[in-house]
There are 2 protein chains.
Amino acid sequence: MRNDIVPPSAEQPSLAERIRHDMDSFTPSEKRAAHLLLSHYPFAGLDTVAEFASRAGISAPSALRFVTRLGFSGFPDFQKHLREELEAQLLSPLAKSGPVEPGQGAPALAAFAQAVIGNLTATVENIAPAEFDAVVALLSDQRRNIHFTGGRFTGALARYAESHFRIVRSHVDFIEGQPALWRDRMIEIGRKDVVVAFDIRRYQEDVTALCETAARQGATIVLLTDPWLSPIARVARHVLPAHITAPSNWDSSAGLLLLTEALVSAVTKRLWETAKPRMEAVERLRNGEP
Amino acid sequence: MRNDIVPPSAEQPSLAERIRHDMDSFTPSEKRAAHLLLSHYPFAGLDTVAEFASRAGISAPSALRFVTRLGFSGFPDFQKHLREELEAQLLSPLAKSGPVEPGQGAPALAAFAQAVIGNLTATVENIAPAEFDAVVALLSDQRRNIHFTGGRFTGALARYAESHFRIVRSHVDFIEGQPALWRDRMIEIGRKDVVVAFDIRRYQEDVTALCETAARQGATIVLLTDPWLSPIARVARHVLPAHITAPSNWDSSAGLLLLTEALVSAVTKRLWETAKPRMEAVERLRNGEP
DNA sequence: ATTGTTTTGAAATTTTTGATACAGCTTTTC
DNA sequence: GAAAAGCTGTATCAAAAATTTCAAAACAAT
């Protein structure tokens with residue numbers, strides 16, 4: 001038998017908090033219900049049981065068991081509570097933003113998120129609009145070849161970028177950072193090539209070498225880096241810096257990801273006429289259709 | 001027959017305003033219904049017809065006629081509208097991130113950033129502290145083997161995670177999503193293994209298959225997904241959902257990255273005693289020192 | 001007053017929704 | 001490895017809610 005759960009009398013803590021707190025005492029289906037409810041709190045619970053269960057990917061009886069376990073006498077009772085909570089919350093202007101639970105992780109997570117959000121804001125504010133637009137234009141030029149590369153950590157971001165651009169347009173690839181792997185490919189790189197490099201501190205020599213070689217051959221270099229600028233900046237045509245400090249032993253790449261996704265989004269919109277049929281074709285191929 | 005009333009399509013003015021405007025065209029009992037609704041807008045309308053009618057001092061049919069007259073097809077339709085209006089209003093403060101229209105370059109970047117920030121906030125708020133802590137504990141258990149995997153886009157995140165954890169602790173690797181590449185490796189997977197999977201919508205069957213196979217062999221599955229939960233959730237021990245919608249043709253993985261980095265940070269702190277010398281050793285090796 | 005029109009609610013009907021019993025499956029425990 | 005406990009979904013049923021019907025009441029205009 002599991003530990004009992006306090007009935008939802010007239011308590012202060014919102015139901016959401018209680019659910020978060022008791023999360024690990026739930027069964028798998030109950031967790032799914034809980035996740036759905038918390039992700040659209042409290043509106044997900046205001047529909048019918050059938051709708052709620054279906055959205056959570058569970059059966060109606062499981063949904064019922066979930067609310068019963070929460071201490072309610074039935075689904076209507078549960079909904080009534082949600083409505084009352086909502087009304088109370090809406091009437092008190094800023095009663096929201098309750099202090100997150102104690103525990104070890106939550107505060108750390110919240111603090112981390114706050115730092116990351118600060119980074120994103122600072123990053124956006126320090127990007128020159130003209131620079132961003134210029135990069136979008138460059139990456140939207142279908143006659144050019146685009147190569148993505150990065151360091152040991154940022155390499156994953158380069159892959160992320162490549163996996164998206166590859167679908168939007170052609171002539172896109174990823175270059176591994178190790179010199180042995182790209183030396184001979186450099187013969188192909190020329191004036192119509194664009195190298196998009198990701199490089200943040202503990203700047204990596206091999207990535208720098210790659211970009212310098214490419215630049216010497218006439219390629220256009222786009223650099224996504226930190227505010228202290230990777231040495232690649234010397235040979236780069238465009239530089240987009242992102243803030244990376246976080247309350248961690250590691251730097252955060254969220255700002256770089258933001259820029260990457262924003263670029264993908266902007267280029268997709270710009271090339272929409274050709275990107276749309278292309279994306280549809282890719283989808284068909286993935287599904288094994290002719 | 002009285003003058004027609006515009007149906008409640010996608011309009012700007014709230015229902016309340018329309019009711020006030022049309023007030024003098026209502027019959028006496030309709031007015032009573034209108035007054036009740038406006039006095040406790042919109043909660044008075046969220047109960048049952050019977051309750052609503054009784055509180056307004058009219059009969060159920062009259063209440064029905066009232067909502068029909070407002071242009072709704074029935075009482076459930078009416079309530080649905082109220083809920084949606086309420087949700088939109090409640091979400092506006094932060095997640096104003098409606099379909100932010102075109103806009104060029106910089107404005108688009110700012111809008112994108114705002115949406116991403118909203119996602120991060122929502123993600124953190126909906127993570128159960130216990131769940132997060134449990135995952136940290138799991139990944140800090142040095143006796144276990146950790147395997148990261150992901151789909152065509154999220155695979156990059158898995159690599160990102162792997163590249164960090166690899167330095168903090170041992171027994172960490174990355175598994176390619178294609179079945180041909182992992183089938184035979186499954187022989188090694190057992191009870192002391194942990195599979196951390198990244199999977200967001202357009203959930204990928206091969207990743208699901210990998211996790212199901214691993215789970216069947218007794219491995220513990222940790223899933224980072226979107227709020228709609230990948231089917232992998234069925235076999236996952238722990239699920240960390242992140243909000244992913246963005247004003248783009250693509251979803252945003254920023255929330256997943258945030259969780260990843262927060263996990264890396266937390267585990268690094270937790271294993272600091274052993275992680276520190278290990279990180280220093282890695283650094284020496286990179287520099288070619290003995 | 002009387003007739004035609006509109007409004008209204010009681011009761012009957014239909015539809016929807018919530019709840020339960022039970023059997024299969026999974027996980028845990030011994 | 002077998003038995004027990006627990007979890008979950010299908011099928012079914014009961015309850016409640018929404019909707020329609022219809023006749024009485026209120027009202028307006030002759």
Side-chain angles (χ1 to χ4, degrees), chain A residues 1-5 22-36 44-83, chain B residues 1-3 23-36 44-83 190-191 211-221 229 231-239:
Chain A
M1 171 63 85
R2 250 168 320 208
N3 55 325
D4 299 82
I5 290 182
D22 296 340
M23 183 65 83
D24 47 358
S25 78
F26 292 150
T27 72
S29 312
E30 285 169 348
K31 274 187 190 158
R32 291 223 237 168
H35 281 302
L36 172 67
L46 260 31
D47 264 303
T48 64
V49 222
E51 179 72 13
F52 179 73
S54 149
R55 286 218 225 181
I58 61 179
S59 70
S62 291
L64 256 315
R65 283 186 279 261
F66 173 66
V67 303
T68 303
R69 152 168 294 274
L70 253 27
F72 298 98
S73 69
F75 208 74
D77 187 30
F78 165 69
Q79 294 187 317
K80 185 156 171 283
H81 179 92
L82 288 182
R83 284 202 307 266
Chain B
M1 175 64 86
R2 249 167 324 207
N3 57 325
M23 186 62 86
D24 45 0
S25 77
F26 293 149
T27 72
S29 34
E30 283 170 349
K31 276 184 187 157
R32 304 180 88 176
H35 281 130
L36 172 67
L46 259 31
D47 264 302
T48 66
V49 224
E51 180 73 11
F52 179 72
S54 148
R55 286 218 224 181
I58 61 179
S59 71
S62 291
L64 251 318
R65 282 187 281 262
F66 171 65
V67 303
T68 303
R69 149 75 65 101
L70 252 26
F72 298 98
S73 70
F75 209 74
D77 187 31
F78 165 69
Q79 294 188 317
K80 183 156 174 282
H81 178 94
L82 290 182
R83 284 202 309 264
R191 294 194 190 287
C211 291
E212 284 173 346
T213 304
R216 213 173 302 125
Q217 310 222 33
T220 303
I221 314 291
L229 303 193
I232 295 173
R234 298 177 62 90
V235 297
R237 175 77 61 87
H238 302 290
V239 179

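The chains referred to below are lettered A, B, ... by the order of the sequence lines, with proteins before strands, and numbering in each begins at 1.
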Of the nucleotides D/dT10, D/dT19, D/dA18, which one has an atom closest to the side chain of B/A60? D/dT19

I need the CZ-P distance between A/F75 and D/dA15, as an integer number of Å. 20 Å

What nucleotide, of C/dT20, C/dA11, C/dT7, holds the atom closest to the side chain of B/P61? C/dA11

Under 4.0 Å between a side-chain N or O of A/S29 and OP1 or OP2 of D/dC7? no

On the side chain of A/R65, is there an atom forming a donor-acceptor pair with the base of D/dG9 - under 3.5 Å, no angle test? yes

Does C/dT8 have its OP1 or OP2 closer than 4.0 Å to a side-chain nitrogen or oxygen of B/S59? no

Nearest whole angstrom, please: distance from the C1' of C/dG18 to the CZ of A/F66. 17 Å

Distance in angstrom units between A/F26 CZ and D/dT8 P, rounded: 12 Å

Out of C/dG9, D/dA18, D/dG9, whichever nucleotide has its closest atom nearest the side chain of A/I58: D/dG9

Let me know, please, whether A/Q79 or B/G57 comes out on the 5' side of the other along DNA chain C by nearest nucleotide. B/G57

A/R83 CZ: over 12 foreign heavy atoms closer than 6.0 Å: yes

What is the distance, to the nearest angstrom, from the CZ atom on B/R234 to the P atom on D/dC7? 16 Å

Any B/T27 side-chain nitrogen or oxygen under 4.0 Å from OP1 or OP2 of C/dT6: no

Report, as yes or no, whether the 6.0 Å neighbourhood of atom NZ on B/K80 holds more than 12 heavy atoms from other residues, nucleotides or ligands. no

Rounded to whole Å, please give me the gap between CD in A/E51 and P in C/dG18. 11 Å

Atom-to-atom span, CD of B/E30 to P of C/dG9 - whole angstrom: 11 Å

Using a 4.5 Å cut-off on heavy atoms from C-beta on, say whether the side chain of B/T213 contacts that of B/Q217. yes

Does A/D22 come within less than 4.0 Å of A/R69, counting only side-chain N to carboxylate O? no

B/K80 NZ to D/dA17 P, in whole Å, measures 21 Å

Give the intermediate values and the outcome of side chain to side chain contact (heavy atoms under 4.5 Å, CB included) for residues B/S62 and B/R65. CA-CA 5 Å; B/S62 291; B/R65 282 187 281 262; 3.5 Å; yes

Nucleotide nearest A/S62 when distance is taken to its side chain, options C/dG9, C/dG18, D/dG9: D/dG9

Rounded to whole angstrom units, what separation is found between the CZ atom of B/F52 and the P atom of D/dA17? 16 Å

On DNA chain C, nearest-nucleotide positions of B/R32 versus A/P76: which is more 5'? B/R32

Winner on side-chain proximity to A/L64, out of D/dG9, D/dA18, C/dA19, is C/dA19

